[in-house]
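Contents: one structure, followed by commentary.
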Amino acid sequence: MPNVGAIIVGTGSFVPEKRLTNDDLSKMVETNDEWIVQRTGIRERRIAGTGESTATLASHAATRALKAASLEAKDLDLILCATISAEMVFPSTACFVAASLGLDSTPAMDVGAACSGFIYALDTGAAFVKAERYRNVMVIGAETLSRITDYTDRGSCILFGDGAGAVILQPSADRNRGLIYSSLHADGHGWDLLHCDPGSRHPIDANMVAGRQQFMKIKGREVYKFAVTRFEELIENAMRACELSADQVKLIVPHQVNQRIIDSAMEKLGLPAEKAFVNIAKYGNTSAASIPIALDEAVREGKLKQGDVVIFVAFGGGLTWANAVVRM
Ligand code: UT7
């Protein structure tokens, strides 16, 4: 048992100004607002503009989290960034964020677990804090999925958006606050359900580009089933492990995958729909950024106060899935 807990002392988020509405998409592919809203709950998403990238969105979110925590960048001991739409193949997006915050020796690295990435990074950051290795750990989820989305594929382009969210972790003498439970899972056998090709197996070349294989590919139906099942399991496991009744859970902040997936899982769990914080209508699915953006909004809307218990659940490419229970 560690001597200290790892608590969240500040949250921040940032989304680009540019909006891509369902009507905009209906001019690009054969789709319509009614179909998209009914099947996903998404009305619009934010899209990075010229000069914006994963690291710029991440840096803005990080700066806001620092402000919320009344800390300065130089106070940070570690920066973790979860992303699948990195600034470059390398260096890591976290290195670009550290540099933009004016840091020149703070350790920084990326965590790749697709839509589960933020929970993986949060758990990693908390482990460093609980081991008393680092005191102030910045955990970011940031994506510019628009840069790897195929806007000729109606089955996927309606889903994704850009944005970033961040939290800062610190040690606390109270071990019953902060990240009190988490579990991480992966099954690489399901890699082809959700993937983006360019890499050492298929280096990018003219053929790849001609076949539009440089973009994300998803098998939506199969991911849908996987997500509903995992969502339920993850919530049940978290509540059982922490001996929490439904009344003791203030909010569930799920990966913003699809309104229908979230509603159906909440119904099967017998939990009221309002217990899940959902902002997918405004931002779509922003992969690793979706939970920290939603968390920051929930905090700013006064939906989470000190002492409240929140459960995070995520599932996505890998396949990966994860949960975390945080007492604010
Ligand atoms: O975070 C992890 C990544 N997220 C995901 O992978 C998303 C998980 N999956 C989903 O959210 C849903 O599966 C989708 C929203 C992607 C699709 O919804 P669905 O209810 O599973 O639809 P479907 O793929 O079974 O397609 C139903 C019909 C098909 O037409 P036919 O074959 O029945 O004639 C599709 O061709 O809807 C058609 N369709 C569309 N129609 C209008 C597919 N995309 C569209 C579209 N607009 N954008």
Side-chain angles (χ1 to χ4, degrees), residues 20-45 82-85 112-120 141-163 165 185-188 190-197 215-234 252-266 276 278-294 312-323:
L20 182 69
T21 65
N22 292 347
D23 285 340
D24 295 334
L25 281 166
S26 71
K27 293 176 192 123
M28 298 157 73
V29 288
E30 202 177 323
T31 191
N32 56 73
D33 177 60
E34 194 191 346
W35 192 95
I36 302 173
V37 172
Q38 220 171 56
R39 303 280 177 138
T40 70
I42 303 167
R43 293 183 183 276
E44 60 181 30
R45 343 68 207 115
T83 186
I84 50 162
S85 47
C115 302
S116 313
F118 177 74
I119 300 182
Y120 268 66
E143 304 286 7
T144 45
L145 297 178
S146 61
R147 304 272 154 86
I148 55 169
T149 293
D150 184 352
Y151 287 101
T152 66
D153 173 17
R154 70 176 181 172
S156 65
C157 73
I158 55 153
L159 297 170
F160 301 110
D162 302 339
H185 311 269
D187 178 3
W191 69 269
D192 66 328
L193 263 54
L194 276 158
H195 68 282
C196 191
D197 255 2
F215 296 115
M216 267 187 292
K217 304 287 169 213
I218 67 160
K219 294 186 178 159
R221 261 281 164 90
E222 282 141 89
V223 178
Y224 189 101
K225 285 184 212 145
F226 161 75
V228 174
T229 313
R230 293 303 182 205
F231 191 124
E232 286 171 55
E233 269 174 27
L234 289 165
I252 290 167
V253 178
H255 166 48
Q256 306 289 307
V257 55
N258 179 319
Q259 181 81 54
R260 272 199 303 151
I261 293 177
I262 298 170
D263 288 346
S264 133
M266 293 297 282
V278 188
N279 60 7
I280 193 168
K282 295 190 286 182
Y283 307 128
N285 177 345
T286 58
S287 192
S290 84
I291 290 179
I293 292 173
F312 303 138
V313 282
F315 16 75
L319 298 169
T320 58
W321 60 105
N323 62 8

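Basis for what follows: all heavy atoms, side chains included, without hydrogens, waters or symmetry-related copies. Here, residue 1 is the first one in the sequence, and each next residue gets the next number. Note that ligands are numbered from 1 as they come in the structure, with each ligand's atoms numbered from 1 the same way.
- Taking Glu233 as the reference, Arg230 meet the salt bridge (Lys or Arg N to Asp or Glu O under 4.0 Å) condition, with sequence neighbours excluded.
- Given atom 7 (C) of ligand 1, the protein heavy atom at minimum distance is Leu159 CD1, 3.8 Å.
- Contact annotation for Lys219 and ligand 1: no heavy atom of the residue comes within less than 4.0 Å of the ligand.
- For ligand 1, the atoms sitting less than 4.0 Å from at least one non-hydrogen atom of Ile158 are 48 (N), numbered in the order shown with element in parentheses.
- Remark: of the listed residues Ile280, Ile291, Ile293, Ile280 is the sole one forming a side-chain contact (heavy atoms from CB on, under 4.5 Å) with Gln256.
- Between Phe226 and Gly316, the shortest heavy-atom distance links the atoms CE2-N, 3.8 Å.
- Protein heavy atom closest to atom 45 (C) of ligand 1, with residue, atom name and distance, is Trp35 CH2, 3.4 Å.
- Of the protein's non-hydrogen atoms, Arg39 NH1, 3.5 Å is the one closest to atom 22 (O) of ligand 1.
- Using a 4.0 Å threshold on non-hydrogen atoms, atom 33 (O) of ligand 1 does not count as touching the protein.
- Between Gly220 and ligand 1, at least one N/O pair is under 3.5 Å apart.
- Contact analysis puts Arg260 in contact with ligand 1, with a non-hydrogen atom separation below 4.0 angstrom.
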Derivation of the side chain to side chain contact (heavy atoms under 4.5 Å, CB included) call for Lys217 and Asp150: CA-CA 8 Å; Lys217 304 287 169 213; Asp150 184 352; 4.0 Å; yes
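- Protein heavy atom nearest atom 14 (C) of ligand 1, with residue, atom name and distance: Asn258 ND2, 4.6 Å.
- The atoms of ligand 1 that sit less than 4.0 Å from any heavy atom of Leu194 are 3 (C), 6 (O).
- Set against the non-hydrogen atoms of Cys115, the atoms of ligand 1 under 4.0 Å away are 1 (O), 2 (C).
- For Arg43, the CZ atom is loosely surrounded, since the number of other residues' heavy atoms within 6.0 Å does not exceed 12.
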Could you give me the CA-CA distance, side-chain angles and deciding distance for Met266 and Asp263, then say whether side chain to side chain contact (heavy atoms under 4.5 Å, CB included) is met? CA-CA 5 Å; Met266 293 297 282; Asp263 288 346; 5.7 Å; no
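- Closest to atom 4 (N) of ligand 1, if we only count protein heavy atoms, is Asn285 ND2, 3.6 Å.
- Between the Tyr120 side chain and the His185 main chain, a donor and an acceptor come within less than 3.5 Å of each other.
- Residue contact check: Thr40 has heavy atoms under 4.0 Å from atoms 15 (C) of ligand 1.
- Between Thr21 and Arg45, the closest heavy-atom pair is C-NH1, 3.7 Å.
- Close approach of ligand 1 to Glu30 (heavy-atom distance below 4.0 Å) involves ligand atoms 42 (C), 47 (N).
- Among all protein heavy atoms, the one lying closest to atom 46 (C) of ligand 1 is Thr31 OG1, 3.3 Å.
- Across every non-hydrogen atom of Lys219 and Asp192, the tightest pair is NZ-OD2, 3.0 Å.
- Considering only non-hydrogen protein atoms, atom 24 (O) of ligand 1 sits nearest to Arg221 CG, 4.2 Å.
- Ligand 1 is approached by Gly155 to a heavy-atom distance shorter than 4.0 Å.
- For Asp197, there are no salt bridge (Lys or Arg N to Asp or Glu O under 4.0 Å) partners at least two apart in sequence or on another chain.
- Ranking the protein heavy atoms by distance from atom 38 (C) of ligand 1 puts Arg154 NH2, 3.6 Å first.
- Close contacts between ligand 1 and Ile218 involve ligand atoms 6 (O) [criterion: under 4.0 Å to a heavy atom].
- Under 4.0 angstrom from ligand 1, there are no non-hydrogen atoms of Val29.
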Going through the checks in order, is the side chain to side chain contact (heavy atoms under 4.5 Å, CB included) test met by Ser287 and Asn285? CA-CA 6 Å; Ser287 192; Asn285 177 345; 4.3 Å; yes
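- For the 3.5 Å distance criterion, the side chains of Thr286 and Glu143 fail to qualify, holding no donor opposite an acceptor.
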